[in-house]
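The structure appears below as structure tokens.
Remember, it's a predicted structure, so these values are computed and weren't measured experimentally. Values reported hereafter were calculated over all heavy atoms of this structure, with side chains retained and with hydrogens, waters and symmetry mates removed. Residue numbers start from 1 in every chain, and the chains themselves are labelled A, B, ... in the order their sequence lines are given, proteins ahead of strands.
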2 protein chains.
Amino acid sequence: MLKVPGFPDSAPMPPSPSAQALHSAGKRTGRADTDTARCLMCKVREYNLCSSIEDQDVAVLAHATRQVSLPPGTAVIEEGTPASAFFNVINGTVKLFESLPDGRRQITGFADAGQFVGLSNSRTYSFGAETVSTVLLCRCTHTQIENLLGEYPRFAHHLLSAVTHELADAQEQMLLLGRKTAKEKVASFLLDRIKQYQRTHPHDPDAQTTASVPMTRVDIADYLGLTIETVSRTISALRRDKVISGTENHCIRILSLPNLQDIAYGLKSI
Amino acid sequence: MLKVPGFPDSAPMPPSPSAQALHSAGKRTGRADTDTARCLMCKVREYNLCSSIEDQDVAVLAHATRQVSLPPGTAVIEEGTPASAFFNVINGTVKLFESLPDGRRQITGFADAGQFVGLSNSRTYSFGAETVSTVLLCRCTHTQIENLLGEYPRFAHHLLSAVTHELADAQEQMLLLGRKTAKEKVASFLLDRIKQYQRTHPHDPDAQTTASVPMTRVDIADYLGLTIETVSRTISALRRDKVISGTENHCIRILSLPNLQDIAYGLKSI
DNA sequence: CGTAGGGTTGACGACGTTCAACACAAGTGG
DNA sequence: CCACTTGTGTTGAACGTCGTCAACCCTACG
């Protein structure tokens with residue numbers, strides 16, 4: 001990929017946008033003048049694409065966007081529907097996926113706070129997106145995004161950098177899906193979740209040993225190209241081997257990060 | 001992903017760049033004034049990123065690039081080396097891959113004529129690239145690409161569109177790797193090769209029934225997350241079932257495109 | 001109290017891998 | 001010119017990882 005300097009590796013993840021659902025469902029917050037304040041005080045302003053719009057121009061951004069709050073399990077984007085909107089995730093986690101006609105599904109990524117979803121090159125979305133937890137989204141039409149791209153070269157640059165980053169993530173995930181064993185897949189996934197936790201909880205002293213796993217076993221399985229039974233068995237095995245602990249399903253403690261890393265990259269023969 | 005209008009779906013594929021090898025190996029062609037003509041007459045000019053630079057400005061492009069010809073099996077980019085260059089593929093096919101420490105390898109994509117390789121967001125390349133056939137590349141440093149991005153908004157727009165397109169391809173490949181059977185994987189791969197043949201041979205009357213497969217079974221296996229034996233067996237089975245024919249390994253004739261499509265998307269129970 | 005959703009565990013089997021032998025073509029050197 | 005090697009591909013047999021099917025536990029909820 002192309003190196004896009006000035007915007008190092010703090011960028012978003014996989015793409016995925018919203019549909020009609022977001023017009024009817026979801027409560028909008030903010031309005032008119034107060035919108036500018038909403039953007040300036042946004043929890044993820046400094047971490048996401050919006051940081052490339054200066055404070056003095058933030059009114060433009062505020063005018064172009066609307067916030068929506070969605071409960072867990074809500075469709076944000078339906079596969080194959082017309083592509084019209086773009087979303088920044090302010091809070092919570094969104095899953096992106098592609099499906100086969102018979103219902104088999106592959107989750108291509110999770111977008112956490114600070115990341116975006118909804119880029120599309122074609123008339124329709126080639127993927128679906130659904131909330132994993134309660135999610136706060138910032139919605140923007142593609143038309144508005146295009147205006148921003150034209151007006152603010154830094155914004156275009158930042159977006160290119162972010163998409164390039166996502167592509168690199170996708171390539172690493174292909175390595176996982178095509179060449180890793182079930183144990184290596186689960187270990188890699190937990191490492192990703194630790195990194196994610198560190199990003200969103202930079203001051204938590206336990207960040208080195210905590211993985212936040214808000215998604216269900218079904219989602220993990222669809223993300224790793226496994227079945228729920230294999231995911232469950234593998235996590236149990238990691239617990240038995242004292243690599244991880246924690247009785248709670250959605251918050252896992254890491255007992256040995258080095259071991260987990262060795263497993264993830266196939267260096268552990270066991 | 002974001003829709004980037006004005007640059008529909010004619011864009012490149014996966015990324016992958018060049019390294020020091022390209023300075024020592026490979027013969028440069030063109031020089032000084034004649035470079036402009038080289039760019040204007042370039043076989044892929046209208047299909048790739050360069051089309052976003054107007055003819056009148058093509059001297060800039062010519063000045064920024066150098067052509068290199070490489071024999072099959074040459075490393076273009078070594079995983080983990082400093083990311084400094086970007087390549088347009090003018091002729092031939094380049095494979096992009098990621099590896100595990102023990103040598104397991106996943107090919108993340110093939111870049112054919114008109115596509116590019118070498119985008120990177122970080123200091124080093126996270127992937128490797130190697131020629132499949134004899135390849136003619138157009139090399140450009142990242143610094144020069146950045147200059148073009150700054151000078152020509154259309155170029156930036158086009159690149160964003162291309163990377164977005166690659167991301168969509170990557171997501172579809174994740175579905176293949178995580179959820180398809182061996183037979184579905186091979187059928188999907190052949191469909192991609194047919195599309196690729198149609199793109200590069202738009203006037204060939206046999207384009208509906210021809211798949212060009214320049215890569216070896218090893219490469220196909222590493223692309224589909226299978227072993228060479230399984231690839232070989234599956235292709236033999238497709239031949240037995242009269243879905244494809246052809247005794248030659250690198251040029252496959254399609255006997256029934258509908259059947260092949262049904263298999264690729266899991267609609268064929270057989 | 002009954003039901004539904006999420007998760008765990010066991011028994012069994014299939015799909016794809018591993019191991020191995022073989023075929024064929026191209027290149028190399030005696 | 002022919003033996004030998006090397007790279008690529010095919011095919012068979014045995015094995016093993018992971019998927020399938022099923023039973024069960026637990027919590028939440030009406």
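Contact check for A:Lys185 versus A:Lys183: no side-chain heavy atoms found under the 4.5 Å cut-off. Taking 4.5 Å as the limit, every side-chain heavy atom of A:Leu255 sits out of range of all side-chain heavy atoms of A:Ile244.
Using a cut-off of 4.0 Å between Lys/Arg side-chain N and Asp/Glu carboxylate O, B:Asp102 and A:Arg179 are scored as not salt-bridged. A salt bridge is absent between B:Lys95 and B:Asp112: the closest approach of a Lys/Arg side-chain nitrogen to an acidic carboxylate oxygen does not fall below 4.0 angstrom. The pair A:Asp219-A:Arg105 meets the salt-bridge criterion, since a charged nitrogen lies less than 4.0 angstrom from a carboxylate oxygen.
Atom CD1 of B:Ile228 is separated from atom P of D:dT11 by 13 Å (rounded to the nearest Å). B:Leu238 has its CG atom 16 Å from the C1' atom of D:dT11, to the nearest Å.
Among the candidates A:Thr209, A:Thr210, A:Asp204, A:Asp206, the single residue satisfying the side chain to side chain donor-acceptor pair (under 3.5 Å) test with A:Tyr197 is A:Asp204.
B:Arg253 places no side-chain N or O within 3.5 Å of a backbone atom of B:Ala211 that could act as its donor or acceptor partner.
Put simply, chain A comes within 4.0 Å of DNA chain C, heavy atom to any atom, from C:dG7 to C:dA11, going 5' to 3'.
A:Phe86 and A:Phe116 have their aromatic ring centers within a separation under 6.0 angstrom.
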Reading nucleotides 14-30 of chain D from 5' to 3' and marking B where a protein heavy atom lies under 4.0 Å of the base, S where only the sugar-phosphate is that close, and - otherwise, the string is ----SSBBB--------

